[in-house]
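Predicted, not measured: the structure shown is a model, and the values here were computed from it.
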Amino acid sequence: MNDLKRLFPYIKLYRMTLAIIVLFSFISTILLMIAPTFIGNAIDFSISKGNVDFNSIIHLIMQLLVLYVLSYIFSYISFFFTSKVANSMTNSLRKDCFLKLQEIKVNYYDANSYGNIMSKLTNDIEIVGDGLFQILNQMFNGIIIIFSTLFFMFRLNVVITFVVLLITPISFLISSFIVRHSSKYFRENANTLGELNGFVEEMIGGEKVIKAFNYEETSFNKFKEINDRLYVCGQKSQFFSSLTNPSTRFINNISYIIVGVVAGLLRAMSIGNISAFLTYAVSFARPINDITSITVNLQSAFASLKRVIGLLDEDDLETEGEELKGELAVNAGNVEFKNVNFSYDKDKELIKDLNFKASSGEKIAIVGPTGAGKTTLVNLLMRFYDPDSGEIDIDSKNIDDFKRDGVRRSFGMVLQDTWLFSGTIKENIAYGKEGATLDEIVSIAKFAYADDFIKRLQNGYDTFITEDGEDLSQGERQLLTIARAMISNPPMLILDEATSSIDTLTEKYVQSAFLSMMKGRTSFIIAHRLSTIRDANLILFIKDGKIVEQGNHDELILKRGFYYNLLNSSK
């Protein structure tokens with residue numbers, strides 16, 4: 001119920017539309033409820049006369065036709081607005097979830113598979129939308145039908161109406177018992193489906209690696225294990241929830257028999273009124289049956305809603321006062337880490353009391369063993385994460401005092417993992433600078449040594465590529481990401497294994513381009529190929545989150561320490 005309350009802000013946006021739905025549903029239902037009274041009166045009239053009055057029957061048929069047509073029109077309009085509201089709320093919920101993914105802490109992506117996140121944004125929200133439609137459609141109609149049928153039943157006979165009301169709670173008890181015991185299976189089903197989506201996304205993305213290592217059988221067995229769990233919890237949830245509808249219908253059928261018996265024994269109503277009363281009794285039970293018949297969908301919707309609310313409740317990046325912060329203006333590009341401490345897991349330290357200075361225009365190389373904290377240092381510099389303590393200054397200004405997006409715009413970043421999106425070559429390069437002209441794109445592509453291979457493509461700069469860049473080599477994809485970083489002309493650079501996927505000859509050209517680009521810019525270079533950082537002004541050797549050695553290449557060689565040993569081991 002608490003999760004359902006989270007939807008109230010979305011529902012409030014459509015108060016007027018919901019009022020129209022209630023009004024039109026009310027009119028449609030009342031028109032339908034009048035019909036059994038007409039039919040009952042006609043039956044009694046025919047019995048009293050002892051013969052069939054065709055004129056009266058035709059008159060009755062015309063009245064019923066008008067009632068049913070008007071009821072259908074109002075019901076259709078109500079249905080239309082219900083569908084519109086449900087889809088609009090789903091649309092708003094999906095937008096909020098996507099916006100949340102932009103504001104959420106980066107460690108959320110570290111802890112959740114991409115497939116599972118995508119499942120929440122697509123499958124779960126779609127299921128929630130279906131549940132919203134059914135709740136809105138059944139709730140308004142159901143409440144109106146229940147109260148209107150009660151009115152007409154009390155009007156016909158109070159005693160028999162109480163008999164129906166005494167039997168009704170049995171249906172609710174059965175429904176609530178089944179729902180309570182099957183809800184856990186629906187939650188398990190939603191979570192397992194997210195796990196399966198995450199696994200499938202991972203396996204499809206790494207298909208070539210799977211084949212290269214003959215991992216097909218192992219991956220299939222893992223898929224089978226998750227899929228079997230999904231089958232078991234899906235079967236249990238469907239089975240238990242499917243018991244609800246036939247159980248409640250059985251109770252309702254018993255109530256109809258009792259109504260007929262009691263009415264006959266009491267002789268309190270005419271044949272026509274008994275017929276009308278039974279019709280109202282059926283209508284009274286219909287909302288209960290409708291709700292129980294969609295229990296499967298509703299429980300699935302509540303389970304999916306819980307996952308969506310879990311996403312919306314994730315911690316955001318610290319945004320308090322963010323809008324009041326100014327834009328970072330980088331002049332010289334002096335960078336300083338002051339007593340910085342940071343850890344992803346609070347029980348396990350990573351960066352400990354990190355201190356160093358990078359002067360304007362210097363090239364800072366960061367080396368060390370895997371897991372030492374090299375990329376973490378860059379993550380802190382880009383404010384993907386904030387230090388647990390200490391501060392990071394740019395031009396003697398604490399970056400925490402400035403907006404995150406302004407800090408990030410101060411850096412051009414090229415990562416080892418290439419990321420492209422579906423679009424043309426020129427769109428991918430221009431991603432780094434809004435409003436970039438074609439001349440700028442071509443010029444920077446030449447600077448990054450990407451122009452030659454781009455011109456060889458069928459449509460040149462207008463060639464469409466997918467997000468995987470599957471028609472390009474790894475080196476070509478890397479060249480595009482380098483051009484994308486260069487086009488923004490940032491005051492500082494971060495190169496995280498930026499040339500690792502490029503052949504030696506191309507790397508030589510790109511290194512020359514980087515050297516030109518790095519002139520006058522403070523640059524941070526993470527590299528395993530130590531040959532690429534020999535001319536760095538400062539080399540930081542990081543081990544276990546600490547700087548254990550620092551100096552230029554010649555100074556560190558003379559020390560014959562960690563850097564010297566790493567250099568020799570790479571020969």
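At a cut-off of 3.5 Å, with distance as the only test, a side-chain donor of Tyr461 or Asp451 sits close to an acceptor on the other residue. Side-chain atoms of Asn552 and Asn537 form no donor-acceptor pair, as typed in the model, at a separation below 3.5 Å. With hydrogens and angles left out, the side-chain atoms of Ser389 and Asn341 include a donor and acceptor closer than 3.5 Å. Between Glu440 and Ser443, the side chains place no donor N or O within less than 3.5 Å of an acceptor N or O (distance only, hydrogens not considered).
For Asp388 (side chain) and Ser343 (main-chain N/O), a donor-acceptor pair under 3.5 Å exists by modelled atom type. Panel note: side chain Asn355, backbone Asn339; a donor-acceptor pair is recorded below 3.5 Å. Side chain of Thr481 to main chain of Gln478: a donor-acceptor pair is present (N/O by atom type, distance under 3.5 Å, no hydrogens or angles). Between the side chain of Lys455 and the backbone N or O of Gly460 there is no donor-acceptor pair closer than 3.5 Å. Looking at Asn334, its side chain never comes within 3.5 Å of a backbone N or O of Ser359 through a donor-acceptor pair. Judged by distance alone, with hydrogens and angles left aside, the side-chain atoms of Asn565 form a donor-acceptor pair with the main-chain N or O of Gly561 at under 3.5 Å. Within the 3.5 Å criterion, the main-chain N or O of Cys97 finds no donor-acceptor partner in the side chain of Lys120.
Taking each heavy atom of Ala448 and Met486 in turn, the nearest pair found is CB-SD, 3.9 Å. The two atoms that bring Ile429 and Ile444 nearest to each other are CG2-CG2, 3.8 Å, heavy atoms only. Ala536 and Ala365 make their closest contact through CB-CB, 3.8 Å (heavy atoms, listed as atom of the first residue, atom of the second, distance). Closest approach of Gly390 and Pro387 over heavy atoms only: O-CB, 4.4 Å. Among all heavy-atom pairs drawn from Arg409 and Pro491, the shortest one is O-CD, 4.4 Å. Between Thr90 and Ala86, the closest heavy-atom pair is OG1-O, 2.8 Å.
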- Task: For Tyr14 and Lys84, run side-chain contact (heavy atoms from CB on, under 4.5 Å): C-alpha distance rounded to whole Å, both residues' side-chain angles, the deciding distance at 0.1 Å, then the answer.
- Result: CA-CA 10 Å; Tyr14 304 96; Lys84 184 176 181 180; over 6 Å; no
- Item | Worked verdict on Ile364 versus Ile525 for side-chain contact (heavy atoms from CB on, under 4.5 Å) | CA-CA 6 Å; Ile364 311 299; Ile525 309 164; over 6 Å; no
- Query: Would Leu538 and Gln550 satisfy side-chain contact (heavy atoms from CB on, under 4.5 Å), going step by step from the backbone distance to the final call?
  - Reply: CA-CA 7 Å; Leu538 178 66; Gln550 60 178 305; 4.0 Å; yes
- Starting from the C-alpha separation in whole Å, work towards a yes-or-no answer on side-chain contact (heavy atoms from CB on, under 4.5 Å) for Tyr564 and Lys559. CA-CA 7 Å; Tyr564 176 82; Lys559 286 183 179 181; over 6 Å; no
- Just do the salt bridge (charged side-chain N to carboxylate O under 4.0 Å, His left out) check on Asp462 and Lys426 with the steps written out, would you? CA-CA 6 Å; Asp462 291 317; Lys426 66 181 180 184; 2.9 Å; yes
- Task: Report the C-alpha separation of Tyr563 and Phe541 in whole Å, then their side-chain angles, then the decisive distance to 0.1 Å, and conclude whether the ring-ring contact (aromatic ring centres under 6.0 Å, His included) test is met.
- Result: CA-CA 7 Å; Tyr563 179 79; Phe541 193 102; 7.2 Å; no
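If you take CG on Leu457 and OG1 on Thr424, they are separated by 11.5 Å, rounding to the nearest 0.5 Å. Summarising the geometry, atom CG belonging to Leu380 is positioned 8.5 Å from atom CG belonging to Leu350; distances are rounded to the nearest 0.5 Å. Between Leu93 atom CG and Ser88 atom OG the span is 12.5 Å, to the nearest 0.5 Å. If you take CD1 on Ile465 and CZ on Arg477, they are separated by 9.0 Å, rounding to the nearest 0.5 Å. The distance from the CG atom of Leu377 to the CD1 atom of Ile494 is 9.0 Å, given to the nearest 0.5 Å. For the atom pair Phe24 CZ and Phe81 CZ, the distance stands at 7.0 Å (nearest 0.5 Å).
A salt bridge is defined here as a Lys NZ or Arg NE, NH1 or NH2 lying under 4.0 Å from an Asp or Glu carboxylate O, and Arg456 with Asp452 fails to meet this definition. Using a 4.0 Å cut-off between a side-chain N of Lys or Arg and a carboxylate O of Asp or Glu, Glu126 and Arg94 qualify as a salt bridge. Ion pairing between Asp393 and Lys338 holds under the 4.0 Å rule for side-chain N and carboxylate O. Salt-bridge check for Arg383 with Asp400: passed, with a basic side-chain N closer than 4.0 Å to an acidic carboxylate O.
Between Phe524 and Phe411, the ring-plane angle classifies as tilted under the 30° and 60° cut-offs.
Side-chain contact between Ile454 and Thr463 is absent, with no heavy atoms from C-beta onward closer than 4.5 Å. Side-chain atoms of Met492 and Ile394, non-hydrogen and from C-beta on, do get closer than 4.5 Å to each other. The shortest side-chain heavy-atom distance between Val442 and Lys446 falls under the 4.5 Å cut-off. Two residues are said to be in side-chain contact when any heavy atoms from C-beta on lie closer than 4.5 Å; Ile117 and Leu121 fail this criterion. Within the 4.5 Å cutoff, side-chain heavy atoms of Leu354 are placed close to those of Ile547. Using a 4.5 Å cut-off on side-chain heavy atoms (C-beta onward), Leu196 and Phe223 make contact. Contact check for Leu480 versus Phe453: side-chain heavy atoms found under the 4.5 Å cut-off. Residues Leu193 and Leu230 form a side-chain contact, since some pair of their non-hydrogen atoms from C-beta on lies under 4.5 Å apart.
No more than 12 heavy atoms of other residues, nucleotides or ligands shown are found within 6.0 angstrom of NZ on Lys543. Residue-environment remark: NZ (Lys397) exceeds the threshold of 12 foreign heavy atoms within 6.0 Å. Within 6.0 Å of atom NZ in Lys357, 12 or fewer heavy atoms from other residues, nucleotides or ligands are found, so the atom counts as exposed in its surroundings. The 12-atom threshold is exceeded at CZ of Phe464, counting heavy atoms of other residues, nucleotides or ligands nearer than 6.0 Å.
Aromatic ring centres of Phe337 and Phe356: separated by under 6.0 Å. Here Phe79 and Phe133 bring their ring centres to under 6.0 angstrom of each other.
By the side-chain hydrogen bond (donor to acceptor under 3.5 Å, both in side chains) test, Asp124 pairs with Ser304, Arg307, sequence neighbours left out. Ala430 is linked by a side-chain contact (heavy atoms from CB on, under 4.5 Å) to Ala436, Ile441, counting only residues two or more places apart in sequence or in another chain.
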